[in-house]
Each structure stands twice: as C-alpha cells, then as structure tokens.
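Below is one structure, written out as structure tokens; the observations come after it.
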Amino acid sequence: MLIVVSPAKSLDYESPLPIKKFTNPELLDRSEELIRIMRTKSVAEIGSLMSISPALSQLNHDRYHDFERPFTPSNARQALLAFNGDVYDGMQARNTFTTADFTHAQKVFRMLSGLYGVLRPLDLMMAYRLEMGTKLSNQHGKDLYAYWGDTITDHLRDALEESPGSRVLVNLASQEYFGAVRPKKLDAPVVSPTFLDLEPKTGTYRIVSFFAKKARGTMAAWIIRERVKTAKALHTFEGMGYRYDESRSTTSTPAFVR
C-alpha cells in the first residue's frame, strides 16, 4: 500500500526535530532544471505567474537563488517535518510518530511536489513555493504537468512494488496534485477516500475543505501508525469522528461521514 498527499504552502523550519535521520530527494536533477528557469524570472514575473503578493514574490525569488546542493540539515529539513498545512496538522507526525513510524512511512508515504516531483518523508528539502498547477513554460510543454510527464507516475509505480501490503495506491491528494499522476500507468487500483460533513440546515452531507484536508492527514497517519495493508481495512477508520458509510461509497471512493 502506498499513500500520496499534496504538499503545503505553509512551512516550518523552526520547530525542534524529533528525528535526525534524513535522505535526499531522488529527482533533484529535475528540480535543478526548474530552479534554473525560475532564476530567470524577476520578482514581478514570479508574482504574476503564481498570483502571490510582492512580499511572497520576493521571498520566493530569494529562495530560488539560495537553492544549492548538497542538501544538509543546516540548509534543508525533512519534508514531512517542513510542511505545515491542514493535512500535516491532521497527521501530527512531529508530535506522535515514533522512530519506527518514520521508518515505515518512508516505505508507504509520498508527498507530491511541483518542484521536487515526489518526496519521501525523510527527504531533505529546501524551502520553496511552486505549485503543481503553475503554468510555467519549459522544454517539455506549457506547464508543470507537461514537465513531469510520466516521471512522477513511474516513481510511484516503483514505490508500490516495494511497499508492504496489498498493491493499492491511497490517494489523499488534491485534484491539482493528483493531476500529475497517470493512474492507468500505475498498474494498481487507486482508492480515493472522501470525507463528508452533515449540513444541519439542509440535512445533507457535503465536503468542507478545511475538515476534509485535516481528515486526509489524520487517515494517512493512522494508516502509517496502524500498519494498514489493505484497502478494505480503510473502512475501519474512525478519526476525527468520521465513520465509513457504505451507502455513499464505491470500491474506488470510500466515503466517511460525520
């Protein structure tokens, strides 16, 4: 079983680290190609390209120019401990994972990234912002989906072959990021859980983005900590008060409601 999630815009390079072990991203040569492109952009061009404020444009302009190899604990941080958005709040890896959990996560958990392609939990990464949906013209096409092509899918397929448990990919990523994956080339079923909250006024269930993101992280951490190995076992998830609802589920899209 392999889990994929999206990265986060918010980053944390200040909190104490619960683990010193680290690895290096496997696609850094491809990342450097993107860095070279981004270094040709002015602060204003970065702002226009990514629809961000002048201050964020300057920050990321500086980050692109500060990018350097080799990555070390002094200039980079393990990806799972650097991302700091809703999904990662749900995971609480920094506060709850044991060394054994981090070791297992390295086998079964991947973060998709516009700059790094695919990141393992302990892969060092330098601070950055480059969303997968960015329409960055490059030698492969008009955007990052064209740039990464089959590369992300190939890496996930290889990881699936090596991961423990049944050969299934659990998609807990956003549509923007999972759009960089070509499911038919994975040679494995894809299961995409959904999380629905009851709307009291209408009596209907709907996806509430903030809660759904946090639930994805909570499920990912639960799969890792409990060493879940099959898609069917996902039905026993009860984090954040969500429960499996068979009536709203399909084999590929199990629904959890609260």
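We number each residue from 1, following the sequence as shown.
The minimum heavy-atom distance between Pro193 and Met219, with the atom names listed, is CG-SD, 3.7 Å. Shortest non-hydrogen contact noted between Ala220 and Met91 is CB-CE, 4.3 Å. Of all non-hydrogen atoms in Phe71 and Met125, the two that sit nearest each other are CE2-CA, 3.9 Å. Minimum heavy-atom separation, Tyr177 to Gly114: CE2-N, 3.9 Å. Nearest heavy-atom pair across Gly90 and Thr218 is O-OG1, 3.3 Å. In terms of heavy-atom proximity, Asn84 sits nearest to Ala8 at N-CB, 3.8 Å.
Sorted by first then second residue, the side chain to side chain donor-acceptor pair (under 3.5 Å) pairs that include residues 111-120, not counting sequence neighbours, are Ser113-Tyr128, Arg120-Asp123.
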TODO: Any chance you could lay out the side chain to side chain contact (heavy atoms under 4.5 Å, CB included) test for Arg77 and Leu17, step after step, and finish with the verdict?
DONE: CA-CA 9 Å; Arg77 171 170 284 219; Leu17 294 172; 3.4 Å; yes

TODO: Show your working on salt bridge (Lys or Arg N to Asp or Glu O under 4.0 Å) between Arg63 and Asp66 and close with a plain yes or no.
DONE: CA-CA 5 Å; Arg63 284 171 171 172; Asp66 289 342; over 6 Å; no

TODO: Tell me, with the steps shown, if Gln139 and Glu33 meet side chain to side chain contact (heavy atoms under 4.5 Å, CB included).
DONE: CA-CA 10 Å; Gln139 65 269 38; Glu33 291 180 34; 2.9 Å; yes

Task: Intermediate values then yes/no, side chain to side chain contact (heavy atoms under 4.5 Å, CB included), Arg39 and Phe67 - done: CA-CA 10 Å; Arg39 281 176 173 169; Phe67 185 99; 3.9 Å; yes

Task: Residue pair Ile19, Leu81: steps toward the side chain to side chain contact (heavy atoms under 4.5 Å, CB included) verdict - done: CA-CA 9 Å; Ile19 188 169; Leu81 302 173; 4.0 Å; yes

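When only modelled atom types and interatomic distance are considered, Ser174 and Ser6 share a side-chain donor-acceptor pair under 3.5 Å. No hydrogens or angles considered: a donor-acceptor pair under 3.5 Å links the side chains of Asp101 and Thr98.
Counting side-chain heavy-atom gaps under 4.5 Å among Ile, Leu, Val, Met, Phe, Trp and Tyr, Val43 is found in no cluster with other residues.
No donor-acceptor pair under 3.5 Å is formed between the side chain of Asn171 and the backbone N or O of Leu169. Side chain of Thr253 to main chain of Ser249: no donor-acceptor pair is present (N/O by atom type, distance under 3.5 Å, no hydrogens or angles). Judged by distance alone, with hydrogens and angles left aside, the side-chain atoms of Gln78 form a donor-acceptor pair with the main-chain N or O of Lys21 at under 3.5 Å. Of the possible polar contacts, one joining the Asp12 side chain to the Ser15 backbone as a donor-acceptor pair under 3.5 Å is found. In this structure a side-chain-to-backbone donor-acceptor pair under 3.5 Å is present from Ser31 to Leu27. Proximity of a side-chain donor or acceptor of Ser166 to a complementary backbone N or O of Lys229 within less than 3.5 Å is detected. Looking only at distances, a side-chain donor or acceptor of Gln92 sits under 3.5 Å from a matching main-chain atom of Asp89. A donor-acceptor pair under 3.5 Å links the side-chain atoms of Asn75 to the main chain of Thr72, judged by distance alone. Proximity of a side-chain donor or acceptor of Arg167 to a complementary backbone N or O of Asp187 within less than 3.5 Å is detected. A donor-acceptor pair under 3.5 Å is absent between the side-chain atoms of Ser48 and the main chain of Ala44, judged by distance alone.
Between Thr153 and Leu186 there is a side-chain heavy-atom pair separated by less than 4.5 Å. Within the 4.5 Å cutoff, the side chain of Arg94 has no heavy atoms near those of the Leu80 side chain. Between Pro254 and Val191 the shortest side-chain heavy-atom distance falls below 4.5 Å. Looking at heavy atoms from C-beta onward, His61 lies out of side-chain contact with Ser57 at the 4.5 angstrom threshold. Considering only heavy atoms from C-beta on, Gln106 comes within 4.5 Å of Pro121 through its side chain. Within the 4.5 Å cutoff, the side chain of Glu176 has heavy atoms near those of the Tyr145 side chain. Side-chain atoms of Leu130 and Met38, non-hydrogen and from C-beta on, do get closer than 4.5 Å to each other. Residues Phe97 and Pro18 are not in side-chain contact: their nearest non-hydrogen atoms beyond the backbone lie 4.5 Å or more apart.
From Asp245, atom CG reaches atom CZ of Phe256 across 10.0 Å, with rounding to the nearest 0.5 Å. Rounded to the nearest 0.5 Å, atoms CD (Gln175) and CE (Met132) are 14.5 Å apart. Taking CG from Leu115 and CE from Met126, the interatomic distance works out to 10.5 Å, rounded to the nearest 0.5 Å. How far CH2 of Trp148 is from CG of Asp150: 13.0 Å, rounded to the nearest 0.5 Å. A distance of 13.5 Å separates CE of Met50 from CD of Glu45, quoted to the nearest 0.5 Å. Annotation: the span from Asp143 atom CG to Leu136 atom CG amounts to 9.0 Å, rounded to 0.5 Å.
Grouping the Ile, Leu, Val, Met, Phe, Trp and Tyr side chains by contacts below 4.5 angstrom, directly or via other members, places Phe210 apart from Tyr205. If you chain together hydrophobic residues whose side chains sit under 4.5 Å apart, Leu172 and Trp222 fall into the same group. By the rule that hydrophobic residues join a cluster once side-chain heavy atoms approach within less than 4.5 Å of another member, Tyr13 and Tyr88 end up as members of one cluster. Side-chain heavy atoms closer than 4.5 Å link hydrophobic residues (I, L, V, M, F, W, Y) into clusters, and following such links, even through other members, never connects Tyr244 to Leu196. A single hydrophobic cluster is not seen to contain both Phe195 and Leu198; linkage of ILVMFWY side chains at heavy-atom distances under 4.5 Å, directly or through other members, places them apart.
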Hey, can you pull the donor-acceptor pairs under 3.5 Å for the side chains in residues 233-242, sequence neighbours left out?
{"unit_1": "Thr236", "atom_1": "OG1", "unit_2": "Ala233", "atom_2": "O", "d": "2.8"}
{"unit_1": "Tyr242", "atom_1": "OH", "unit_2": "Asp197", "atom_2": "OD1", "d": "2.6"}
{"unit_1": "Tyr242", "atom_1": "OH", "unit_2": "Arg258", "atom_2": "NE", "d": "3.3"}

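Cation-pi geometry between Arg30 and Tyr147 is met: under 6.0 angstrom from the ring centre, within 45 degrees of the axis.
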